[in-house]
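Just so we're on the same page: letters track the sequence lines, and every chain starts at 1. Just so it is clear, the values below take in all heavy atoms, side chains as well, and ignore hydrogens, waters and symmetry mates.
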Number of protein chains: 2
Amino acid sequence: MAKATRGSERREDALSRERIVEAAIELLDDEGENGLTFRALATRLATGPGAIYWHIANKSELLVAASDAVVARALGEVLAFPTPHEAIRGIAVGVFEAIDAHPWVGAQLSRPPWRTAMLQIFERIGRQVQAMGVPGGARFTSASALVSYIIGVSVQNAANGRLLDPPVDRADFLETVSAQWKELDAREYPFTRNVAAQLREHDDRAEFLAGIDLILAGITASL
Amino acid sequence: MAKATRGSERREDALSRERIVEAAIELLDDEGENGLTFRALATRLATGPGAIYWHIANKSELLVAASDAVVARALGEVLAFPTPHEAIRGIAVGVFEAIDAHPWVGAQLSRPPWRTAMLQIFERIGRQVQAMGVPGGARFTSASALVSYIIGVSVQNAANGRLLDPPVDRADFLETVSAQWKELDAREYPFTRNVAAQLREHDDRAEFLAGIDLILAGITASL
DNA sequence: TACCATATTGGAACGCTGTTCCAGACCTGT
DNA sequence: ACAGGTCTGGAACAGCGTTCCAATATGGTA
């Protein structure tokens with residue numbers, strides 16, 4: 001009797017690569033990047049650390065798999081757009097919001113191996129650059145610049161949101177930084193002091209899109 | 001006699017925050033980011049781990065201090081330029097090459113707290129944006145876009161160079177990646193496959209500057 | 001010079017981590 | 001019913017950041 005019970009419920013919660021990656025994503029979202037340990041993951045999956053290693057080589061591979069899953073999901077949700085210009089903005093926002101929702105992805109993207117996740121973004125952006133009418137020789141440069149900008153801003157935006165241990169209100173946070181900037185030495189930081197006020201009414205997403213438009217304007221201007 | 005000898009040479013190798021940060025930079029450059037441990041650092045400074053903690057709060061602070069030192073040194077070497085356009089290129093290249101020479105700095109920059117290092121870059125770029133004649137309301141956006149792009153590309157460039165454990169030749173590396181891209185599925189990655197050839201004769205620095213010019217063109221176009 | 005309070009040192013120890021190892025349990029095909 | 005590989009999970013290892021603290025060096029005062 002005891003044997004039968006244990007045997008039947010065993011197949012239900014069988015370990016698998018997907019289940020492990022899914023649990024890792026949950027753990028990272030719940031506890032932050034430092035929350036993902038093989039022991040915590042094993043506990044959540046009601047098993048031991050050793051069992052996980054049968055399905056996944058090491059922590060690095062686990063992080064790559066988790067990031068890829070998040071990026072793939074985000075890009076999958078990006079729909080069709082009437083113009084290349086709008087499509088690029090749509091893809092960019094999709095990536096931006098995915099990293100904003102899962103800040104730990106950012107730390108992974110700017111780290112080797114830039115495998116599937118980065119490649120997927122590059123491919124999607126590249127196609128739209130081509131559709132914009134950019135000639136062959138300049139496509140690589142334009143797509144690279146866009147992808148670098150998208151990843152760069154998204155990662156930094158995620159890093160900012162992550163830096164508060166007791167999650168502070170965004171407005172309060174901007175207020176604080178803005179105040180700090182105003183306190184800077186007038187000789188060393190004249191520019192930063194000057195724009196400190198603008199920081200208070202600052203919308204990351206809008207600023208991000210404005211940057212995209214800036215690059216797109218540059219691409220268009222050199223057609 | 002013995003007492004005098006020990007006493008006199010003791011002051012020579014006295015510990016200090018600067019000496020520790022300098023040794024940390026050397027260690028990071030020599031052994032990579034994983035090479036910096038408090039034990040290795042203590043050995044290099046001929047002391048124990050505990051002594052280091054008298055001068056520095058924790059590893060995070062040490063990394064921030066090391067990054068700040070490298071960035072400050074790099075920006076200090078950037079000279080005057082006749083036009084804002086050239087100045088921005090000059091600053092950008094300075095940052096790019098500093099991170100290329102010290103890849104571990106990249107991992108730090110896109111991580112909170114973005115204190116002095118990031119701020120210094122932002123300030124330097126911002127002043128030149130102002131000099132370009134960008135109106136007050138758009139300065140923040142333009143400077144942010146440039147800084148994000150500069151950091152984004154530099155970090156990714158550094159990450160690429162770092163990923164090879166036996167340091168492979170750059171040309172061989174590009175050849176390999178280019179070949180990998182050509183093997184990609186034609187349905188899923190048409191664009192990436194198409195530009196794979198361009199990757200082989202790819203110059204990171206030139207590509208980086210082309211991206212800067214793209215953004216500058218965008219800024220100029222919207223003046 | 002003798003002494004004390006303070007600043008500084010460095011080695012031992014703690015708790016945690018990623019990873020390895022392996023005895024045993026499970027599942028499948030004969 | 002049994003033999004094979006597949007899969008599990010707990011114990012153990014080395015190494016990490018960090019803390020602790022007894023020992024020492026230093027600078028000021030009597």
Is it true that [X] and [Y] have a side-chain N and a carboxylate O under 4.0 angstrom from each other?
X: B:Asp30; Y: B:Arg44; value: yes
X: B:Arg193; Y: B:Glu183; value: no
X: B:Arg17; Y: B:Glu61; value: yes
X: A:Arg127; Y: B:Glu188; value: no

Nearest whole Å is fine: how far is [N] [atom2] from [X] [atom1]?
X: B:Leu62; N: D:dC16; atom1: CG; atom2: C1'; answer: 15 Å
X: A:Tyr53; N: C:dT20; atom1: OH; atom2: P; answer: 7 Å
X: B:His55; N: C:dT8; atom1: NE2; atom2: C1'; answer: 7 Å
X: A:Ile20; N: D:dG9; atom1: CD1; atom2: P; answer: 11 Å
X: A:Leu63; N: C:dT17; atom1: CG; atom2: P; answer: 15 Å
X: B:Ile56; N: D:dG17; atom1: CD1; atom2: P; answer: 13 Å
X: A:Ile52; N: C:dC21; atom1: CD1; atom2: C1'; answer: 16 Å

State which of [options] makes the closest approach to the side chain of [X].
X: B:Leu15; options: C:dT19, D:dC7, C:dT9; answer: C:dT9
X: B:Trp54; options: C:dA7, C:dG10, D:dC7; answer: C:dA7
X: A:Lys59; options: C:dT9, C:dT17, D:dC16; answer: C:dT17

Donor-acceptor contact below 3.5 Å, side chain [X] vs main chain [Y]:
X: B:Lys182; Y: B:Ala197; answer: no
X: A:Ser148; Y: B:Tyr149; answer: no
X: B:Thr47; Y: B:Ala42; answer: no

Next item on the list: Starting from the C-alpha separation in whole Å, work towards a yes-or-no answer on ring pair (Phe, Tyr, Trp, His ring centres under 6.0 Å) for A:Trp181 and B:Phe122.
Entry: CA-CA 12 Å; A:Trp181 282 16; B:Phe122 181 71; 5.5 Å; yes
Next item on the list: For residues B:Leu214 and A:Ala145, report the shortest heavy-atom separation together with the two atoms involved.
Entry: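 Of all heavy-atom pairs spanning B:Leu214 and A:Ala145, the closest is CD2-CB, 4.2 Å.
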Notebook entry, point to check: Hey, what bend do you get for the helix from C:dT1-D:dA30 to C:dC26-D:dG5 if you fit axes on five pairs at each end, rounded to 10°?
Noted result: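 Between the axes fitted at each end of the helix from C:dT1-D:dA30 to C:dC26-D:dG5 lies an angle of 10°.
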Next item on the list: Would you jot down, in residue-number order, the residues of residues 35-48 of chain B having a non-hydrogen atom under 4.0 Å from DNA chain D?
Entry: B:Leu36, B:Thr37, B:Phe38, B:Arg39
